[in-house]
Protein chains: 2
Amino acid sequence: MKYAFAKRVRHLQSSAVRDILKVVNQGDVISFAGGLPDDELFPVEAIEEAFTRVFAKGKKAMQYGETEGYRPLREMILERMARKQITDYTADHVLLTTGSQQAIDLFSRVMISPGDVILTEEPTYLAALQVFQSYEATIVPVRCDTDGMVVEDLVAKLKAFRPKVIYVVPTFSNPAGRVWSLERRKELVRLVHKHKVLLFEDDPYGDIQFTDEGYTPIAALDDGSHVVYTSTFSKTAVPALRTGWIVGPHQVIRMMSQAKQANDLHSNSLAQQALYELCLHFDLDAHIQKISSLYGHRKKVMVDCLHEAELDDVHFVDPKGGMFLWVELAPNLDTQALLSEAVARGVAYVPGAPFYAGSPQYNTLRLNYTHSTDEKIVEGMKLLTGLFSDSGEATITER
Amino acid sequence: MKYAFAKRVRHLQSSAVRDILKVVNQGDVISFAGGLPDDELFPVEAIEEAFTRVFAKGKKAMQYGETEGYRPLREMILERMARKQITDYTADHVLLTTGSQQAIDLFSRVMISPGDVILTEEPTYLAALQVFQSYEATIVPVRCDTDGMVVEDLVAKLKAFRPKVIYVVPTFSNPAGRVWSLERRKELVRLVHKHKVLLFEDDPYGDIQFTDEGYTPIAALDDGSHVVYTSTFSKTAVPALRTGWIVGPHQVIRMMSQAKQANDLHSNSLAQQALYELCLHFDLDAHIQKISSLYGHRKKVMVDCLHEAELDDVHFVDPKGGMFLWVELAPNLDTQALLSEAVARGVAYVPGAPFYAGSPQYNTLRLNYTHSTDEKIVEGMKLLTGLFSDSGEATITER
């Protein structure tokens, strides 16, 4: 039988994320491709204790739960966000989701009609692009520099395209490792108010900081009307609990909650209850510091390797947090074309092209430093910089 | 700010499920409204043991997992389905979901373009109707009798509407408690092959049987090409684990898996691993017998109450399994209009109208017997039959 799929998913036929995961799962390859936290740091004992506390609460804990999620955890998340100056909300403005991926998806489901315009950074999180495409949005990338979106280009595109949504990952972005300056954040809030656009702030990495600078979430600069903000416990506790959250204007969150009823009724409530107990009895902030310190060290090892290789024409911004190093090679190198040779030599990365909504820069790549030991980073970077150095003569493949 | 929601969710403004849950949560009311299993039966100790086994496996168990779900659980599900003669599949044909609700949603997401026709039973599961509406399907109900869809009407609608999908809950349906006869099941498979239509078999209740008759899932009568089949551990183990599954043609499952990447990357993998350990070390089948026996007893208590009340003009089919009793009152009674009086008297039910895709029968209601003790069932049914008896003179409200 021929299965006639819906138009909205026909673009899904080839999934970049899926290809990446396949590379990651290959045995002997040193992988800088994924976005995995280091499992050696997972606080397994504390999580097991948290579950024991949940089970001790009895059978009611295992019944169907509220679509919005376990209320005590929502309240605890509010307290944690208040420390970042995100304060305009109550528990009724918070929806717990299956990772922050589901927050991006449900938001798009309730807001995006086919043809609606979404402005994004360039490059940006590729799984967000896939969500937007699946709701048949028109994605318009905005030019970026190291401080965030370039205001001139943003204003021009606000006027030209009348977008419904702006999607940004302003703190240690995936893939670019970029941090928006405070000025740009303020300017963005001013502009979304002026142009009556909703801003989606995706912040899965904001807690993973390598310096003492501190960054104000854009949601903290809004009055609760124009910004939705999402984050997750996947990077700070463990991914397998699949618990993220989204906070925003009540009408938007309520509609997302109704869409979530259709999507899956509610997320795993045992995990939500366990996370609540974890936050109560385990020093998650000290744990986050420990993670950040190790990841910062690994980042330095990787950056040092790049410096030592003394490659011609290689550019990157040293990340101040997050999980990724974004590298721009000489313009004549094509990282997609080079990937199979890299894997043959024993190292994997993600080519930059899929992160572009507009015209890709084929000479870019994303490296993850959180899931490899120092030794593996040194070994893998030697293979990788060796490949780039050998490929100096390569030219861009015709497409 | 005015939030302009997407067209696909504008119908969500009033959610029947949500209204139901609000009634359920009211303190002193005896509720026959929800669809909750009895938490007294939850095998908490066995589930805690299962989690302990998962934690003992170490840190890798807490990392990101496969989108398709934990493979050993998928293989175990195949074994369990094989005992119901569903045998045409491998683990690559199984996708684990956040409850079977997500299976309905992801299937619709990949198959339904706006305007595509879905044939359903009448009445049918209201949260499925909400999903289909959210993908802007045209829902066409097929006339049903106690054996399933009426073949003559089904054939006429296959020809007239050229549907893409037929959605059925053939074994102890929600809300009607209906069981399809084997002949109708076979005829349906013949017809979907003839008309090249995909059949979605939703089977959350099939394991909850009150007799020894046994029913062949429709998926067991297909060759693996035209039927997708979904079920869940929510009714047999516990709802909070939020683990369902769907099996079907590989192309369809693969596309759903790609859509699931955009939706939430993957469902809670700790829960999936715990369910695997539970099935391995706990006699889930004996547990299901225990549940079925108690629910069958409660069903009998409720049915006996209805008989004893000797109401004029009340019709119902005594369910042979599942969680619901579907009742048709005298034609002049409107169960939506009566609900507030029922709740005032201390008992709740679900009016039948929201379960209809076409013209509702306002004199119908759905009663759940799994979540109340014998005593509460007797007390609640006294209140309810008293109300119906008192309301003999009520007339249908004009709409």
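Chain A is the first sequence line, chain B the second, and so forth, proteins listed ahead of strands; every chain is numbered from 1. The shown structure was predicted, so the numbers you read here are calculated from the model rather than taken from an experiment. Quick note: numbers below take in every heavy atom, side chains included, and nothing from hydrogens, waters or symmetry partners.
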(message) Using heavy-atom distances under 4.5 Å, tell me whether B/P43 contacts chain A through its side chain, its backbone, both, or neither.
(response) neither
(message) Measuring only between side-chain heavy atoms, which start at C-beta, is A/R8 closer than 4.5 Å to B/Y135?
(response) yes
(message) As an exercise: rank A/L106, A/V44, A/N263, A/V238 by heavy-atom pairs under 4.5 Å with chain B and give me the winner.
(response) A/N263
(message) Please identify, among B/L198, B/V110, B/T243, B/V131, the residue contributing the most non-hydrogen atom pairs under 4.5 Å to chain A.
(response) B/V110
(request) Select one option (side chain, backbone, both, neither) describing which atoms of A/F42 are under 4.5 Å from chain B's heavy atoms. (result) both
(message) Looking only at heavy atoms and a cut-off of under 4.5 Å, which of B/Q273, B/K60, B/H266, B/Q272 has the most pairs with chain A?
(response) B/H266
(request) Select one option (side chain, backbone, both, neither) describing which atoms of B/H193 are under 4.5 Å from chain A's heavy atoms. (result) neither
(request) Name the region of B/T52, side chain, backbone, both or neither, that has any atom closer than 4.5 Å to a heavy atom of chain A. (result) both
(request) Mind ranking A/H226, A/E48, A/Q133, A/M111 by heavy-atom pairs under 4.5 Å with chain B and telling me who comes out on top? (result) A/E48
(request) Can you tell which part of B/S100 gets under 4.5 Å to a heavy atom of chain A, answering side chain, backbone, both or neither? (result) neither
(message) Which residues pass the side-chain contact (heavy atoms from CB on, under 4.5 Å) test with A/K235, not counting sequence neighbours?
(response) A/Y205, A/M323, B/Y64
(request) Could you tell me which non-hydrogen atom of B/A240 sits nearest to which non-hydrogen atom of A/S269, and how far apart they are? (result) CB-OG, 3.4 Å
(request) For A/Q130 and B/A259, indicate whether the former's side chain and the latter's backbone hold a donor-acceptor pair under 3.5 Å. (result) no
(message) Taking B/D38's backbone N and O only, do any of them form a donor-acceptor pair with A/Q63's side chain (distance below 3.5 Å, no angle check)?
(response) no
(message) Is B/V192 close to chain A through its backbone or its side chain, or both, or neither, when contacts mean heavy atoms under 4.5 Å?
(response) neither
(request) Over all heavy atoms of both residues, which pair between A/S225 and B/Y3 is shortest? Give the atoms and the distance, please. (result) O-OH, 2.6 Å
(request) Go through B/E45, B/E40, B/K196 and name the one with the most non-hydrogen pairs under 4.5 angstrom from chain A. (result) B/E40
(request) Evaluate the ring planes of A/F51 and B/F51, with Trp represented by its six-membered ring, and classify them as parallel (under 30°), tilted (30 to 60°) or perpendicular (over 60°). (result) parallel
(request) Measure across B/F5 and A/Q251 and return the closest heavy-atom pair with its distance rounded to 0.1 Å. (result) CZ-O, 3.5 Å
(message) When you compare the side chain of A/R242 with that of B/L270, does any pair of heavy atoms fall below 4.5 Å?
(response) no
(request) State, without any angle test, whether A/R109 and B/S134 hold a side-chain donor-acceptor pair at a distance under 3.5 Å. (result) yes
(request) Under 4.5 Å heavy-atom distance to chain B, tell me which part of A/A61 shows up: side chain, backbone, both or neither. (result) backbone
(request) Please report the shortest heavy-atom distance between B/A271 and A/N268, naming the atom on each side. (result) CB-ND2, 3.4 Å
(message) Restricting to non-hydrogen atoms, name the atom on B/F55 and the atom on A/I47 that form the minimum distance, rounded to 0.1 Å.
(response) CE2-CG2, 3.8 Å
(message) For A/T97, which atoms come within 4.5 Å of any heavy atom of chain B: side chain, backbone, both, or neither?
(response) neither
(request) Evaluate the side-chain proximity of B/L241 to A/M62: yes if any heavy-atom separation is below 4.5 Å, no if none is. (result) no
(request) State whether a side-chain donor-acceptor pair under 3.5 Å links A/D264 with B/Q101. (result) no
(message) I'd like to know if the side chain of A/K59 and the backbone of B/D39 have a donor-acceptor N/O pair within less than 3.5 Å.
(response) no
(request) Below 4.5 Å from any heavy atom of chain A, which atoms of B/K164 appear? Answer side chain, backbone, both or neither. (result) side chain
(request) Please round to the nearest 0.5 Å and tell me the distance separating atom NZ of B/K260 and atom CD of A/Q102. (result) 8.5 Å
(message) Tell me which of these, B/A237, B/A128, B/S113, has more heavy-atom pairs under 4.5 Å with chain A than the rest.
(response) B/S113
(message) Is any side-chain heavy atom of B/P114 closer than 4.5 Å to one of A/K7?
(response) no
